[in-house]
Amino acid sequence: MSANSDQVVSHKYTASLAAEIELKWQSHWEDDKSFRALNPGDPGFSPEMPKFYCLDMFPYPSGEGLHVGHPEGYTGSDIISRFKLMKGCNVLHPMGFDAFGLPAEQYAVATNVHPAVTTAKATEVFRSQLKRFGFAYDWSREFSTTDPDYYRWTQWIWLKAYDSWFDQELQKARPISELVDGLDSGDIVIDEGPGWSEMNQQQRREYVDSRRLAYLGEQVVNWCPALGTVLANEEVIDGRSERGGHPVRRMSLRQWMFRIREYADRLLEDLSLIDWPESTRQMQTEWIGRSEGGELNFTLDSPVRDIESLEVFTTRPDTVFGATYMVVAPEHPLVEALLEVDGATDRFREYVMQARNRSDVDRMIESREKTGVDTGVFAINPATGQPIPVFVADYVLMGYGTGAIMAVPAHDARDHEFARTFGLDITRVVDGPGDVQEQAYTEPGVAMNSSNDDISLDGLGTDEACTRMLDWFERNGKGARRVNYRLRDWLFSRQRYWGEPFPIVFDEDGNHYPVSEEHLPVLLPEMDDFKPVESDTPMPPLGRATDWVATTAGEAGVSPDLLPPDTPVRRETNTMPNWAGSCWYYLRYIDPHNQERLVDPEAERYWMLSNRSGDGPSRTTAAGEDFDADQFHVGGVDLYVGGAEHAVLHLLYARFWHKILFDRGYVSTPEPVGRLFHQGMILAFAYQRDDKSLVPVDQVRQDEDESWVEIETGREVSQVVAKMSKSLRNVVNPDDVINEYGVDTLRLYLMYMGPLDATKPWNTRDIKGIHRFLQRVWRLAIDEESGAIVTIEQADEQVERMLHATIKKVDGDIPKLAFNTAIASMIELVNKATGPGMTSDQLSRFTRVLAPFAPHLAEEIWSRIGETGCISHAEFPSWDETMLASDQVEIPIQVKGKIKARILVASDADQETLERLALENEQIIAILDGNQPRKVIVVPGRMINIVP
RNA sequence: GCCGGUGUGGCGGAAUUGGCAGACGCGGUGGAUUCAAAAUCCACUUCCUGGCAACAGGAGUGCAGGUUCGAUUCCUGUCACCGGCACCA
């Protein structure tokens, strides 16, 4: 009893002591505003400090609370932020909440609890969980996308897009007023149809509306009955909704769209200028899907109603001579016209109806066998002059190109398959191996069978043949060069309650008028029933707020210049999609409380513009006229950390919005994010039976021989890695880990699991190792029994050397986000120092190295050894290269690449010395057996290789 | 089908430019400490063969080849897994 065991544990670094330390410093930091970032103009702001803007993808606060995947990325960015602070940067490291969206609304539909209530509660939970991690966020900049003060500016940006048109010549967005001025003055001429001067007021209005970047488009949309809303193409995967996997139907609706296609080239080109993961840049490239080719005109042998010809897009104009038939999509105008003309066969009608009604789900599930019907119409192949049949088939998509193709079965796999099914001619026009009657030859090659009275491609390579053919089409006015994109305009309306209302109203004639800026935000009306309105056509829930919807121009805030205040108007009842708020939140963090603007220009310039001489990303841009690419980086945010699941949608949309704002002069960089990093997914172990079915974790035990057994059956199961899921009961709750070990341990474990961008399994067993490491750190400074400081007076030489090496290693690894190896080197140091101990000067340096990773523990030791001030604002320690060099080094001697001996030599031993020493080595002499070596390769300081 | 990524001990993972494979952690084994245990500290721990042992020999970074004095690293082919796209003309 006298050897009091309680006393032993009383100063041990346990979960409870960790919690005590952590909560103490967290409240210190909060009281001292330790992580408040200063803007230009703030008292105490020093303009000479370099800036570092470090951004996390903000979370959607779900009712479930934080998942371990969240703090993984957040810890990584926190380490960089704290490191940059210690390096003397002014760091902007903010956090907020992306709180509009479907789950809260679905919950509201089910329970009638207002989404604002659900969201506020979930946000509260998230915030307190995040605070428990001790992240160095400037919480004074926090906001939620649902704050009226925030979405006011989301609406404002949408109005800017509404007030913009894209000038093809300048490749940039300009104010609508400049379009009108240009049309009035005749500087801008309308290509097709009646000229501006011949138009009446209504026609002019419609023309201008058709040019807006945010426009109202009649569009075949993806209607998801289960969600009661339409979805963007990007939100539909294999004919089902991205969220929830519900079936999606196609129908026509008038919806707000974004003219993102206008930016296709710029979005594509600028990808090469930013420091983003290759995979993400490639996904965006493919998403944009630029292809060069020609739009060619095929005349019908007799017109159908007013349709005299078909336009097709092709990337292989060199194969026109091989076009033996044509195909139009079921939604093509020619099909429409044929249905209205007598003579369309029943089979034709039936096929078209079936194809149109068929949902995308069915199209996907059905086999890929080509189906189609002959329209009975013939077109003239412009190259051969021969009549060729026109088919309708659903393998041609209305949404890509012109919705019609010339079919070249000899050189296109799909056309080949169709031609075989329907017994159509297959004519070879490109020379190459194989029999095109059996299989399409799709590679480039030398043209053949490709000549008429006017032109011959025979003997030309594909590239040259394409060029000649396009020249020929252009000369004859039968076609033109064209670039086509897979990217489609962005559908921006949702039939939901819990989103940003559009700041726009409609008069009785259906004309739309913007709400003027000073009347923003257009607030969501209070409602108590959130269900979508039952109707043949989708009706948004906001339609129920009849008092809100029916108003007057004056009430809604439409400028009296546009409409007399007492004009009755109806508000837009659609809302913006979830992406809206996340498209620009990084800008609002810069100046979150500004009531006058979305962001103060000076603050924006300070935080977004990086000098290329700094240590930011090294990519540069082709100089745009509005941007000095020689001096600045294209991207604004210095580091953006978040999941790869946002590689296309969020990150493409944000780039698009940013470019509009850039064109209109509201931001100073052409790209929002200079460097992007995706943290990997954290998986968990699960157990698999022989038949590959998975067994929940709690139904498995480990035998003494380490094998895993299903408890119920006693059968052996194998350990596999799977996504965390409730059904497998392998979801890790960060709160539990914090309770058991403290948050510094959790932070360190998350970073030590493996490379930050790798997908890796959570292994609860491994956390102990990291916890032990922190306990060792603690014991280096503190006596567990007495709580007294145990620093030594005289530094151990080897520990000192290793400390220098560790400082260098960590200093180099942090900017690379190679935290796992940085931690490994700290562990090595601490293992080395366990025993000899450290001086307080060594501890001062070591705790500063540790501080970005385990800030609370580091801060505690820092203060106990008598240092003052916040450790995260202390200078990151430096190292002395001369302390890294050792006098002697062990060098392996290889014979034919295999190590046979090792010698200890002076580390600066030169080539001759090493060769001599190697050949004098007894083992080597024995191996050589008196023979002269043919060759000796010596890499000083590394190795010696002898070839006998 | 196409594109991209990854394959290294029992497990998670290290390894600058082609130069000592397996750092570091987990797990395991042995020892110290303890009445005992936990905790802690120390040592060993890729596999195979031989040996009481120190040790000796061999194999080894998914697989099969190649380049090279030397390959986890570069090249060719191939397999598996993960992610993305998917009739895009």
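Below, chain A is the first sequence line, B the second, and so on; all start at residue 1. All of these numbers come straight from a predicted model, not from anything done at the bench.
For the OP1/OP2 pair of B:rC41 and a distance below 4.0 Å, the side-chain nitrogens and oxygens of A:Arg776 include at least one atom meeting the criterion. The phosphate of B:rG70 has neither OP1 nor OP2 within less than 4.0 Å of any side-chain N or O from A:Arg942. Contact annotation: A:Asn820 does not reach the phosphate of B:rC24 (side-chain N/O to OP1 or OP2, under 4.0 Å). Of the side-chain N and O atoms in A:Arg486, one or more sit less than 4.0 angstrom from OP1 or OP2 of B:rA86. For B:rA39, the OP1/OP2 oxygens have no side-chain nitrogen or oxygen of A:Arg772 closer than 4.0 Å. Phosphate proximity of B:rC20 to A:Asn945: absent, as no side-chain N or O sits under 4.0 Å from OP1 or OP2. Phosphate proximity of B:rG25 to A:Tyr752: absent, as no side-chain N or O sits under 4.0 Å from OP1 or OP2. Residue A:Thr821 places no side-chain N or O under 4.0 Å from the OP1 or OP2 atom of B:rG13.
As rounded to the nearest Å, B:rG25 and B:rA32 have C1' atoms that lie 23 Å from one another. Separating the P atom of B:rA86 from that of B:rA80 is a span of 24 Å, rounded to the nearest Å.
Across all strands shown, B:rC2 pairs with B:rG84; the Watson-Crick or G-U wobble distances both stay below 3.5 Å. Base pairing annotation: B:rA21 forms no Watson-Crick or G-U wobble pair, as no partner gives both donor-acceptor distances under 3.5 Å. A 3.5 Å limit on both hydrogen-bonding distances identifies no Watson-Crick or G-U partner for B:rU72. When Watson-Crick and G-U wobble pairs are counted only if both distances are under 3.5 Å, B:rG50 pairs with B:rC55. If you check B:rC63 for Watson-Crick or wobble pairing at under 3.5 angstrom, you find it paired to B:rG77. B:rU40: Watson-Crick or G-U partner is B:rA32, with both key distances under 3.5 Å. In this entry B:rC26 has B:rG10 as its Watson-Crick or G-U wobble partner, both defining distances falling under 3.5 Å.
Considering only the side chain of A:Asn763, B:rC11 comes nearest among B:rC24, B:rC41, B:rC11.
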Margin query: Show, in sequence, the C-alpha distance, side-chain angles and deciding distance for A:Glu286 and A:Gln282, and conclude whether the side-chain hydrogen bond (donor to acceptor under 3.5 Å, both in side chains) test is met.
Written below: CA-CA 6 Å; A:Glu286 285 171 6; A:Gln282 192 177 337; 3.1 Å; yes
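With the nearest nucleotide of RNA chain B identified for both A:Thr759 and A:Gln282, A:Gln282 has the one nearer the 5' end.
In B:rG9 the base sits syn relative to the sugar, since the glycosidic angle is no further than 90° from 0.
At a threshold of 4.5 Å between non-hydrogen side-chain atoms, the residues A:Leu774 and A:Tyr13 count as touching.
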